[in-house]
Amino acid sequence: METSKVVTRAEEFLRTAYHELGIMDQFPSRWDTVKQEIVDTGTWTQTTEEVSHGARMAWRNSNRCIGRLFWKSLKVVDARHVQNANDAFDFLDNHLHYAFNSGEIRSVITIFKQKLPGQDNGPRIWNNQLLSFAGQTKEDGSILGDPLRLHETKWFTARGWHFQGTAFDLLPVAMQWPDQEVCVRQLSLPEKMIVPLEHPDHPWFSALGLQWYGLPVISDMSLEIGGVKYTAAPFNGWYMGTEIGSRNLCDAHRYDIMPRVAQAMGLDTSSNWSLWKDRVLVEVNRAVLFSFHKQGIKISNHHDSAMQFLHFEDTETSKGRSITADWSWIVPPLSGSATAVFHKSYDNTVLDPNFFYQESPFPSQRKNKTGCPFHQS
């Protein structure tokens, strides 16, 4: 990024952050120091208070996230002193255990050191999420596990990683520091992290052998604050049930369980007139919510999440801040028109600070767009 752009973004961020923190009297001297540092080095070093508030602002500005009401509660772990992937893995383990909190999930972000001018990249966590399930192609051409993770799984397999051969084998995590080799490690899971799925009314559902993990930790997006880019800053909220029930399990390009569930329910799948897909979606989502509650793991339903987003709108408006959102992501993938957000329109302008997708280091995976850090599949 050009020095002039860094100066502009840094000043805008500091003015806003210091105003919100109630310390504007400290802004003039702080800005003099930061501006000189940018002129000398092309970047600047943020204090723990600045990077913490910036991370919370980034969540507040995340257009695709329906759960932004709780942005102030984000716990920020400053890990910018870490110098290699081996030490960073210890912070990732700690992140999982602290954030999961025996099911009483806390929103957490762990921020590693920034990308410096002249570097091709900063530290990177290659995986999309710290926890995800492998996808493997069987001899008959069918896919075992999650098709979304085929390329990642192939990469790990080519490097000698062995999987158990189930539909829910956890992937290890690949992490790389600038000018260092990629390190691979399986993270240690807190107790109760894996949730076996069962249904409150249908005993046969548990025989399907479905499960999911209790904590979504997005790990491949960059956090950008005032012209500074943190290329490794994993973060989590908690699941909204439809992310698992409607998308991860029922999408045709994912686990595609709808035909199996429909058969078990005795539904007529020969025609769309039976609305069999709608009936399956409702029951799978009921199973997800029931199973998480039974195991004592925090999860939200899409109706409550939509109401919370309206509350977020009200609180932001009362503070004089504009609301930006991506309607296509805010509206839940189940019963969208039954939620209040369906009937609204939003400005999709991308604000700074924010989270951004990065080009994937894994083969055949490329994306570069803004996304939802706390709610995505």
Side-chain angles (χ1 to χ4, degrees), residues 64 66-67 103 105 128-129 131-135 142-149 166-170 192-216 237-307 328-339 341-342 372 374-377:
R64 292 182 169 182
I66 197 172
I105 294 174
N128 169 252
Q129 295 191 28
L131 301 177
S132 55
F133 294 122
S142 62
I143 295 173
L144 177 68
D146 193 345
L148 187 65
R149 309 301 178 192
T166 76
F168 299 98
D169 289 348
L170 278 172
K192 300 196 310 181
M193 176 64 83
I194 301 300
V195 184
L197 301 183
E198 54 185 295
H199 194 281
D201 299 326
H202 301 309
W204 52 260
F205 195 94
S206 59
L208 298 174
L210 303 173
Q211 58 183 253
W212 208 256
Y213 47 89
L215 185 70
W238 50 86
Y239 269 119
M240 184 169 71
T242 52
E243 297 174 275
I244 303 170
S246 296
R247 305 301 312 282
N248 298 337
L249 294 177
C250 286
D251 273 357
H253 66 284
R254 298 294 299 284
Y255 275 83
D256 192 23
I257 69 167
M258 292 182 70
R260 294 167 58 197
V261 177
Q263 182 180 24
M265 292 177 65
L267 301 179
D268 176 13
T269 61
S270 64
S271 169
N272 287 329
W273 285 95
S274 68
L275 299 183
W276 67 271
K277 294 180 180 179
D278 307 75
R279 295 176 66 184
V280 167
L281 280 172
V282 169
E283 298 309 322
V284 172
N285 278 278
R286 286 185 67 203
V288 169
L289 294 175
F290 173 79
S291 301
F292 270 63
H293 283 163
K294 182 176 180 179
Q295 194 143 314
I297 298 175
K298 187 174 185 176
I299 193 169
S300 65
N301 68 73
H302 49 293
H303 296 288
D304 287 344
S305 293
M307 293 303 297
S328 65
W329 276 63
I330 296 300
V331 174
L334 177 66
S335 304
S337 63
T339 64
V341 291
F342 179 88
C372 169
F374 290 83
H375 293 277
Q376 77 170 288
S377 301

#### Entry: I330 versus I66, closest heavy-atom pair with distance
O-CD1, 3.3 Å
### Message
If you compare all heavy atoms of G214 against all heavy atoms of Y239, which two are closest, and at what distance to 0.1 Å?
### Response
O-CD1, 4.1 Å
### Message
Please determine whether the number of non-hydrogen atoms from other residues, nucleotides or ligands lying under 6.0 Å from atom NZ of K192 exceeds 12.
### Response
yes
### Message
Has R149 got a side-chain atom pairing as donor or acceptor with S132's backbone, closer than 3.5 angstrom?
### Response
no
### Message
Once rounded to the nearest 0.5 Å, what's the spacing between atom CG of D201 and atom CZ of R286?
### Response
4.5 Å
### Summary
dist D146:CG -> D256:CG (nearest 0.5 Å) comes out at 11.5 Å
### Message
Could you check whether any side-chain heavy atom of I257 comes within less than 4.5 Å of a side-chain heavy atom of C250, counting everything from C-beta outward?
### Response
yes
### Query
How long is the span from the CD1 atom in I244 to the OH atom in Y213, to the nearest 0.5 Å?
8.0 Å
### Query
Quick one: are R247 and T242 in side-chain contact, heavy atoms under 4.5 Å?
no
### N285 side chain to V282 backbone, donor-acceptor under 3.5 Å
no
## Note on the structure
Between L334 and S246 the two heavy atoms that sit nearest each other are CB-OG, 3.8 Å
### Query
Are L197 and L249 side-chain neighbours, meaning at least one heavy-atom pair lies under 4.5 Å?
yes
### Query
Are L148 and F133 side-chain neighbours, meaning at least one heavy-atom pair lies under 4.5 Å?
no
### Task
Quick one: closest heavy-atom pair of T339 and P332, and the distance?
OG1-CD, 3.7 Å
### Sequence-distant partners of D304, side-chain hydrogen bond (donor to acceptor under 3.5 Å, both in side chains), two or more places apart
N301
### Query
About how many Å separate CG of N248 and CG of L210, when rounded to the nearest 0.5 Å?
12.0 Å
### Query
When rounded to the nearest 0.5 angstrom, what is the spacing between NE2 in H293 and CD1 in I299?
7.0 Å
### Query
Taking the inter-plane angle between the rings of Y255 and W212 on a 0 to 90° scale, is it parallel (under 30°), tilted (30 to 60°) or perpendicular (over 60°)?
perpendicular
### Message
Using only atom types and a distance under 3.5 Å, with no angle test, would you say the side chain of Q295 pairs donor to acceptor with the backbone of I194?
### Response
yes
### Task
Write down the atom of F205, the atom of H199, and the distance for their closest heavy-atom approach.
CB-CB, 3.6 Å
#### Entry: ring pair (Phe, Tyr, Trp, His ring centres under 6.0 Å) between F292 and W238, intermediate numbers included
CA-CA 11 Å; F292 270 63; W238 50 86; over 10 Å; no
### Message
Are the side chains of Q263 and T269 in contact, using a 4.5 Å heavy-atom criterion?
### Response
no
### Heavy-atom closest contact (M240 atom, H302 atom, distance)
SD-CA, 3.7 Å
### Task
Please say whether more than 12 non-hydrogen atoms of neighbouring residues, nucleotides or ligands are located less than 6.0 Å from CD in Q211.
yes
Donor-acceptor list for residues 273-280 side chains, cut-off 3.5 Å, not counting sequence neighbours:
| from | atom 1 | to | atom 2 | distance (Å) |
| --- | --- | --- | --- | --- |
| S274 | OG | D268 | O | 2.6 |
| S274 | OG | S271 | O | 3.1 |
| S274 | OG | W276 | N | 3.4 |

